[in-house]
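Below, chains carry the letters A, B, ... as their sequence lines are ordered, and counting in each starts from 1.
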Amino acid sequence: MATKIYITSALEHVEDEVKISGWLYNKTHKGKLIFLMIRDGTGIIQGVIFKNDIPEDIFEKCLHLPQESSLELTGKVVADKRAKGGAELQVKDVKIVQEAQEYPISPKEHGVDFLMDHRHLWLRSSKQHAILKIRHEIIKAARDYFDDLGFTLVDAPIFTPAACEGTTTLFETDYFDQKAYLTQSGQLYMEAGAMAFGKVYCFGPTFRAEKSKTRRHLTEFWMIEPEVAYCDLNQDMDLAEGMVEFIVRRVLKNRQQELEILERDVSLLEKIVRPFPRLHYNEAAKILQDAKADFVYGDDFGGGDETIISNKFDKPVMITHYPAQVKAFYMKADPEQPDHALCVDMLAPEGYGEIIGGGQREDDLDILLKKIKAHNLPEEAFKWYIDLRKYGSVPHAGFGMGIERTVAWICGLNHIRETIPFPRTIYRLYP
RNA sequence: UCCGGUGUAGCUCAAUCGGCAGAGCGGGUGGCUGUUAACCACUAGGUUGUAGGUUCGAGUCCUACCACCGGAGCCA
């Protein structure tokens with residue numbers, strides 16, 4: 001009786017009679033020989049069918065089997081240098097679970113729009129498969145990092161009563177007899193969590209209704225957001241660089257095969273070790289001025305500015321102390337230079353831009369109230385948030401890391417849309 | 001929202017000055033016992049994004065619209 005195996009373990013079953021359940025990835029034939037490339041989600045193996053080994057009608061059926069037909073192959077695993085992966089299946093029996101209709105995605109080239117229209121099928125392709133395996137590894141590593149440090153997962157709500165940051169456009173939705181907004185950050189809720197649990201994080205989707213139309217933007221994306229009580233900016237940066245190093249090391253260790261499929265230059269990832277450079281905003285501004293970039297001191301950095309700065313280093317760069325006016329209301333001002341905020345942005349190398357934004361939060365009740373007023377935010381909606389400064393306020397800090405941008409960087413992709421299973425952009429809500 | 005670009009067979013793209021609508025892949029049929037995006041032969045496949053306009057004649061020129069791509073701003 002053949003034992004059922006997954007393709008990933010095929011090399012452990014050489015000379016065994018096995019059964020593999022999967023889908024037809026590709027096919028070729030030569031006279032009395034048929035080569036079936038089978039994938040099962042764990043890997044790809046070649047099944048070889050000799051006409052004389054198998055009933056005539058099954059041979060004929062396999063000859064005309066469309067791509068992505070679902071099948072169960074039974075046969076012996078043999079080592080063979082001619083096969084990719086070093087082993088192949090000598091097929092003795094084929095059970096066709098379903099003969100597929102003509103499959104739209106051929107192994108040849110396709111355009112982005114066509115592939116995105118077929119995203120539900122495109123996920124089966126080896127490159128997309130590799131990206132999403134790495135995405136999973138990154139998410140798991142990030143969670144393990146915080147879990148191992150004693151953080152508690154405290155999930156933030158998706159429906160929120162008002163803007164978290166006020167500046168950006170929100171998705172509005174009907175919520176019974178009132179309006180609700182889809183969250184654009186879990187951070188304010190994490191501040192409440194940090195005061196209850198000390199060290200917390202959330203991991204969930206966030207929504208931005210801005211009509212951004214670049215390779216770095218989605219309308220729906222995922223963030224992991226830690227928040228720590230009794231924590232200052234420097235400790236916050238220690239936490240952030242530790243996490244990024246941990247994630248990269250984990251991907252290099254567990255996802256070599258996927259990085260190879262993506263033809264990622266891993267030597268660049270191997271350089272991602274602590275400490276990461278830390279630059280004051282003024283130092284970063286100097287780099288831009290020396291590079292004669294079209295940049296005005298006091299402004300936030302644009303995408304091109306970020307690339308100029310990050311290209312000076314082969315590690316992620318942390319830029320601190322942005323002018324307070326370009327940052328959100330909850331950022332704490334630096335006591336030594338009050339027009340600068342105790343904040344940090346981490347820029348990924350190779351021009352991938354900002355992957356982390358964070359900093360120390362305003363913990364003084366009166367200053368916070370003034371800032372809410374200055375930003376024209378509805379004080380009523382922030383009543384609970386203000387409460388946190390009334391009942392045992394402490395210095396605290398945190399950050400948010402964008403999962404998709406991190407995946408794009410680690411995978412070496414030039415567009416963020418392939419880093420999430422079903423991307424949402426201003427022009428795409430399907431599939 | 002602004003700037004630039006693209007839209008032709010199922011897919012990726014050609015089509016010269018405005019003059020017969022084409023190729024490769026994929027599909028179908030046949031051949032081949034070691035293929036890796038196989039190969040060889042034959043074959044089917046078109047409302048040229050939509051609506052107008054100019055012209056003897058429009059895939060090609062003009063106008064509007066639609067869809068998408070790239071970039072800017074905003075941000076993770």
Take atom [atom1] in [N] and the same atom in [M], then report the distance between them in whole Å.
N      : M      : atom1 : value
B:rC32 : B:rA41 : C1'   : 12 Å
B:rC56 : B:rG22 : C1'   : 26 Å
B:rG73 : B:rA15 : P     : 35 Å
B:rG24 : B:rC39 : C1'   : 15 Å
B:rU50 : B:rU6  : C1'   : 16 Å
B:rC68 : B:rU63 : P     : 23 Å
B:rU48 : B:rC11 : P     : 15 Å
B:rU36 : B:rG30 : P     : 22 Å

Looking across every strand, which nucleic acid part, if any, lies under 4.0 Å from [X] by heavy atom: base, sugar-phosphate, or nothing?
X      : answer
A:G111 : sugar-phosphate
A:L218 : base
A:F50  : base
A:H118 : nothing
A:R216 : base

Starting at [atom1] of [X] and ending at [atom2] of [N], how long is that distance when rounded to a whole Å?
X      : N      : atom1 : atom2 : value
A:I355 : B:rC75 : CD1   : C1'   : 14 Å
A:D299 : B:rA72 : CG    : P     : 16 Å
A:I138 : B:rA76 : CD1   : C1'   : 14 Å
A:H110 : B:rC13 : NE2   : C1'   : 13 Å
A:E354 : B:rG73 : CD    : P     : 13 Å
A:K327 : B:rC75 : NZ    : P     : 8 Å
A:E210 : B:rA76 : CD    : P     : 9 Å
A:H29  : B:rC40 : NE2   : C1'   : 12 Å

Residue [X], side-chain atoms from C-beta onward, closest of [options]:
X      : options                : value
A:K213 : B:rC75, B:rA72, B:rC68 : B:rA72
A:T28  : B:rU33, B:rG73, B:rA38 : B:rA38
A:R417 : B:rG70, B:rG34, B:rA76 : B:rG70
A:S106 : B:rU33, B:rC25, B:rG34 : B:rC25
A:H217 : B:rC75, B:rG70, B:rU29 : B:rC75
A:Q46  : B:rU36, B:rG26, B:rA76 : B:rU36
A:E306 : B:rC68, B:rA76, B:rC75 : B:rC75
A:R405 : B:rC75, B:rG34, B:rA38 : B:rC75
A:M223 : B:rA76, B:rU1, B:rC74  : B:rA76

Over 12 foreign heavy atoms within 6.0 Å of NE2, A:H136: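 No.
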
Per-pair stack call A:Y427 and B:rA67, 5.5 Å, 30°: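 Not stacked by the 5.5 Å and 30° rule.
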
Minimum side-chain heavy-atom gap A:F146-A:M243 below 4.5 Å: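 They are in side-chain contact.
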
Any side-chain heavy-atom pair of A:I134 and A:C411 under 4.5 Å: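 The answer is yes, as the side chains (C-beta and beyond) meet within the 4.5 Å cut-off.
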
Test of ring centre spacing under 6.0 Å for A:F171 and A:Y181: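 Between A:F171 and A:Y181, the centre distance exceeds or equals 6.0 Å.
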
Proximity of A:Y297 and A:Y281 rings by center, below 6.0 Å: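 Centroid separation for A:Y297 and A:Y281: below 6.0 Å.
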
Exercise: identify the closest heavy-atom pair between A:F313 and A:L279: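 Taking every non-hydrogen atom into account, CZ-CD1, 3.8 Å.
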
Residues from residues 73-99 of chain A lying under 4.0 Å of RNA chain B - heavy atoms: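 Residues of residues 73-99 of chain A that come under 4.0 Å of RNA chain B are, in numerical order, A:D80, A:R82, A:K84, A:E88.
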
If only side-chain N and O atoms of [X] are considered, is one of them under 4.0 Å from the OP1 or OP2 phosphate oxygen of [N]?
X      : N      : result
A:H64  : B:rU29 : yes
A:K211 : B:rU1  : yes
A:H415 : B:rC69 : no

All pairs passing ring pair (Phe, Tyr, Trp, His ring centres under 6.0 Å) where residues 98-119 of chain A contributes a residue, at least two apart: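 The answer is A:H110-A:F114, A:F114-A:H118.
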
Main-chain N/O of A:L239 paired with A:Y145 side-chain donor or acceptor, under 3.5 Å: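 Judged by distance alone, yes, a pair lies under 3.5 Å.
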
Side-chain donor/acceptor of A:K315 to backbone N/O of A:P349, under 3.5 Å: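 No: the side chain of A:K315 does not pair with the backbone of A:P349.
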
Salt bridge present between A:R249 and A:E245 (N-O < 4.0 angstrom):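 Between A:E245 and A:R249 there is a salt bridge, with a charged N closer than 4.0 Å to a carboxylate O.
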
NZ/NE/NH1/NH2 to OD/OE distance under 4.0 Å, A:K61 and A:D57: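 Looking at A:D57 together with A:K61, the answer is no, because their closest N to O distance does not fall below 4.0 Å.
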
A:K327 NZ/CZ over A:Y322 ring centroid, <6.0 Å and within 45° of normal: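 The answer is yes, since A:K327 meets both limits relative to A:Y322.
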
Watson-Crick and G-U pairing of RNA chain B, under 3.5 Å, as dot-bracket with | and [ ]: (((((((..((((.....[..)))).(((((.......))))).....(((((..]....))))))))))))....

Check: B:rC74 base within 3.5 Å donor-acceptor of A:S212 side chain: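 Pair found.
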
Parallel, tilted or perpendicular: ring planes of A:F329 versus A:Y385, cut at 30 and 60 degrees: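 Ring orientation, 0 to 90° scale: perpendicular.
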
Glycosidic class, syn or anti, of B:rC32 using a 90° window around 0: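 Judged by the O4'-C1' to base torsion, B:rC32 sits in anti, the angle falling more than 90° away from 0.
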
RNA chain B: 5'-proximal contact among A:G31 and A:N26 (nearest heavy atom):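 Result of the comparison: A:G31.
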
